Amino acid sequence: MDKTYQPEQIESRWYERWEADNRFAPSGEGEPFSIMIPPPNVTGSLHMGHAFQDTIMDTLTRWRRMQGRNTLWQVGTDHAGIATQMLVERKVAAEEGKSRHDLGREAFTDKIWEWKHESGGHITRQLRRMGASVDWSRERFTMDDGFYKAVQEVFVRLYEEDLIYRGKRLVNWDPTLHTAISDLEVENKDQQGQFWHFRYPLADGMTTDDGKNYLVVATTRPETLLGDSAVAVNPEDPRYASLVGKFVDLPLVGRRIPVVADEHADMDKGSGCVKITPAHDFNDYEVGKRQDLPLINVFTKDAAVLAAAEAFDLQGRPLADIDTSLPAAYAGLGRFEARERIVADMDAAGLLEQVETVNNTLPFGDRSGDVIEPLLTDQWFVAVEELAKPAIAAVENGDIEFVPKNYENMYFAWMRDLQDWCISRQLWWGHRIPAWYDAEGNVYVARTAEEARAKHDLPADLELTQDEDVLDTWFSSGLWTFGTLGWPEQTPELATFHPSSVLVTGFDIIFFWVARMIMMTLKFTGEVPFKQVYVHGLVRDGQGQKMSKSKGNVLDPIDLIDGIELDALVEKRTGNMMQPQKAKAIAKATRGEFPDGIEPHGTDALRYTFLSQATTGRDIKFDMGRLDGYRNFCNKLWNASRYVLMNAEGQDCGAAGGEVELSLADRWIVSQLQKTEAQVTKAMEEFRFDHASQALYDFVWNEYCDWYLELSKPVLWDDAASEAAKRGTRRTLVRVLEAVLRLAHPMMPFISEEIWQRVAPLAGTASEGGSESVMTQPWPLADEALIDDDATRDIEWLKGVIVAVRNVRAEMNIAPGKPLEVLLTKGTAGDSARLEANRPFLAKLAKLESVTWLDDPEQAPLAATQLVGEMEVLVPMAGLIDKDAELARLAKEIDKQDKLIGGIEKKLGNESFVAKAPEAVVQKERGKLEDFQATRRVLVEQRDKIAAL
RNA sequence: AGGACCAUAGCUCAGUUGGUUAGAGCGCCACGUUGACAUCGUGGAGGUCGGCGGUUCAAAUCCGCCUGGUCCUACCA
């Protein structure tokens, strides 16, 4: 083995080997365990969130596989409609100077497929770098043929049950992307805006009660004035009661519109009058429905003003009897330009009463960044009410369990107030909606045009054209758990691996994805999609900031694994920016934070860092310090293994039998191993990866390396030790390490495999040069019978004495290597026996020349003293003591004991405590009091002795 | 406006059903080339557990209020 751990040398090698050996496929035996990967965008690349999530899934998968479960980690990618289309659109524009419309639908989607083939391997290669043990042979894509079929099937069946319908509705329209988007894709941002108060003249000579011939309405969107259908006042408002049913003349347009009474009007806001524009505002749309108002659309799909408005009734049928003429001056103006012109014109007409500056919230499309426009368009919807009921019940009755539990409330709140889901998108990339139209606009929903004809008895020569729209990406990803397993065919995989065991996902897509999967899967399989949902937080930077290109704080997991030069990192963070003016500051911050770039850390260290920080549900602040620390941990494990191999390879480790004698240390470390195995297993079961990683780290570093390896040296290097004793220690060294590697494997797959290959043959769990992998070894099971409390107590005693001597050395400034004479006194017979049993260990680890048992404490020379239980550890200090320093130290120690004693005495002096606290607690306090008092006595004795010098 | 979560050492975080001398890693200080490891070893310093009040024999832990932070939902004509 190399002297230093070199992750890059082992990681790619092992992944290729595992894949070649088909280690990731289900075994076909045992209780099934399955995880469906949240499919990343096919053209995307791995970010920290993926790396984190993949680590958790892989750890669970490897662990369950080792437990003997029939394990499938299903992999695949998502076509990601809008994101992918936009990306290719930009690429085509940059490279060919063409828009997608220049190319046409077919040629453009061909371009996307080309791009998919070209770049689609990127994310999967990165997944391999993370060590993900997914079954590549079953890789799926949401637009592959089988999935397309599943999507069509679901659409047709839902339509046949009247759970999908088409209609003209107000939707969130993205004027840049020219598509509807869902509520979830709208990001509301606070802005400072203006609030214009307009006068709407009353028609027919009417006046208000206070004699005005106009009503005042206020709006943040003057341009929608063109589409007003009414002015509303509150039915309870006495000021306007006489005007309800009368009319106003809509300024600039000249249309007569009614004054209606509706509860939407708030008497306490502004004038109490509100303009109603049902075709351009969601609240007004509701008012329109209640008041039976016409829907007057005044915008094009670009959100520019139409030459003539379009009027519809609430069912979306054109209305002929409405005057749809609009002022020619605004035709073709964009909405913001129209706004300015309208405000100016109102002002000029003397109808602008007031302008206020206010804070308001604007809706932005999360992809385009454009301001979203509520627009009346023809769309397809899923009626969700019926689907939601069983989906809510499944979580209520525990068929699906969220971890942590509090996300269930978030889920319920959303599910109980669900709007119908707009599933059509005016995009070219996605699943084409399986609906056909004839020349008269009749719609036929079927799996194919042929099926549509057959079903509806249509003549063969009737021309049918397919709906131009595609489905929302989440419609198809909602079918992910069963679509990937071959549904609608009843495949064996579907029978075996569905429902999946656990979904690992971020809280940000509970609504987008999790909720919809639950609804769709229950509907079509009658099963829940997964039994548990492990919800994790966002990976943020060290300061708790969201990682984003514009902030310049993005870390690429691959750079953490392989390392990156400073200049390359700066270039990566500042190149190709949307806001190039930030580049300088980002470069400076990056050079400040990583003056030497980023060192390579390896995948295992990165995974371990994620796991150690994986506290359920909370966002994690990625800690570079921990990454270094766990790289060091890998190095520690590496070097400990080198020590073991140096002492075990070519030696008799007891695998072939032979007499074996186990030392106290051997029995102790085996005992500690059992406890660690139990802890790690329990933590895994509870999704507490932080605890699992911590327990393993503690055992490896603080027990196995710090103590056991040191304790093994006196046995292995002592010529006087028996062959049976050496064999026992070698066997223990090797066996414990072998178990540790199995325990570590789900968390650190690469280093554990690399070392295991060398260690397992020595431990007798694998054959020399064999084809086994740690991946498929049994998960270590704690054996209660091997827990040895006596050995633990003895080793604790030994450690106590060694630490006591080290303390003395540090305090007295004695060189660490200087051999010392040590006396033990005031101990029990047990202490004396322990000394005899552990003399060689003590001498070696505490660097002692001699250890003497002193029966008569009076014989003790002047010495630095430490306590181990009742026993005193004396390091004779003839003439070497700095009297003042030692007195000061002792005074401080005595003071500390006094405080502890005082605290307990107060507690024990409290009658209620003694009366009400459990007896065990009281006894414990009494015990502590005695200990502290004993310590204090020794310290005082020592102080008096030194003071007397 | 409603709701969720969080606040523990300089930093990142553990702390199970109330009973610990409140822990870990990193960082810091001192010492150290002992035959696995300086990506290391040994020892150490460092905490009014955000504030106030309550319940209790006993509160970092339970309850209430307050402050600060993160996020979600809704509204903003």
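Numbered from 1 within each chain, the chains take letters A, B, ... in sequence-line order. Keep in mind that this is a model prediction, so the values were computed, not measured.
With both pairing distances under 3.5 Å, B:A4 is matched to B:U70 as a Watson-Crick or G-U wobble pair. Pair assignment for B:G53 gives B:C63, based on Watson-Crick or G-U wobble hydrogen-bonding distances that are each under 3.5 Å. Shown here, B:C37 forms no base pair; nothing in the strands shown gives a Watson-Crick or G-U wobble contact with both key distances under 3.5 Å. Both distances falling under 3.5 Å, in either a Watson-Crick or a G-U wobble arrangement, place B:G23 opposite B:C13.
In this structure, the nucleotide among B:G15, B:U21, B:U12 sitting nearest to the side chain of A:His691 is B:G15. Side-chain atoms of A:Arg626 lie closest to B:C13 of the nucleotides B:U34, B:A36, B:C13. Relative to the side chain of A:Thr361, the nucleotides B:C76, B:U21, B:A14 differ in distance, and B:C76 lies closest. When distances are taken from the side chain of A:Leu709 to each of B:A36, B:A4, B:C57, the shortest belongs to B:A36.
Here A:Lys916 does not reach the OP1 or OP2 of B:A58: none of its side-chain N or O atoms lies under 4.0 Å away.
Judged by distance alone, with hydrogens and angles left aside, the side-chain atoms of A:Arg809 form a donor-acceptor pair with the main-chain N or O of A:Lys818 at under 3.5 Å.
The aromatic rings of A:His536 and A:Tyr534 are tilted relative to each other, their planes meeting at an angle between 30° and 60°.
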B/S/- contact track for nucleotides 37-45 of chain B, protein heavy atom under 4.0 Å: B-BSSSSS-

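Between the C1' atoms of B:U39 and B:A7, the separation comes to 34 Å (whole Å). Separation of the C1' atoms belonging to B:C66 and B:G23 is 30 Å when rounded to the nearest angstrom.
Taking only distance into account, the side chain of A:Thr615 never meets the base of B:C13 through a donor-acceptor pair shorter than 3.5 Å.
Stacking between A:Phe913 and B:A58 is absent: the aromatic ring centre is not both under 5.5 angstrom from the base six-membered ring centre and within 30 degrees in plane angle.
A salt bridge links A:Arg936 with A:Asp898: the closest approach of a Lys/Arg side-chain nitrogen to an acidic carboxylate oxygen falls below 4.0 angstrom.
If A:Phe932 and A:Val644 are placed on RNA chain B by their nearest nucleotide, the residue sitting closer to the 5' end is A:Phe932.
A distance of 6.0 Å or more separates the ring centres of A:Phe689 and A:His691. Proximity of the aromatic rings of A:Tyr697 and A:Tyr630 is defined here by a centroid distance below 6.0 angstrom, and this criterion is met. Centroid-to-centroid, the aromatic rings of A:Phe610 and A:Phe622 come within less than 6.0 Å.
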Intermediate values then yes/no, side chain to side chain donor-acceptor pair (under 3.5 Å), A:Glu286 and A:His264: CA-CA 9 Å; A:Glu286 294 303 314; A:His264 173 61; over 6 Å; no

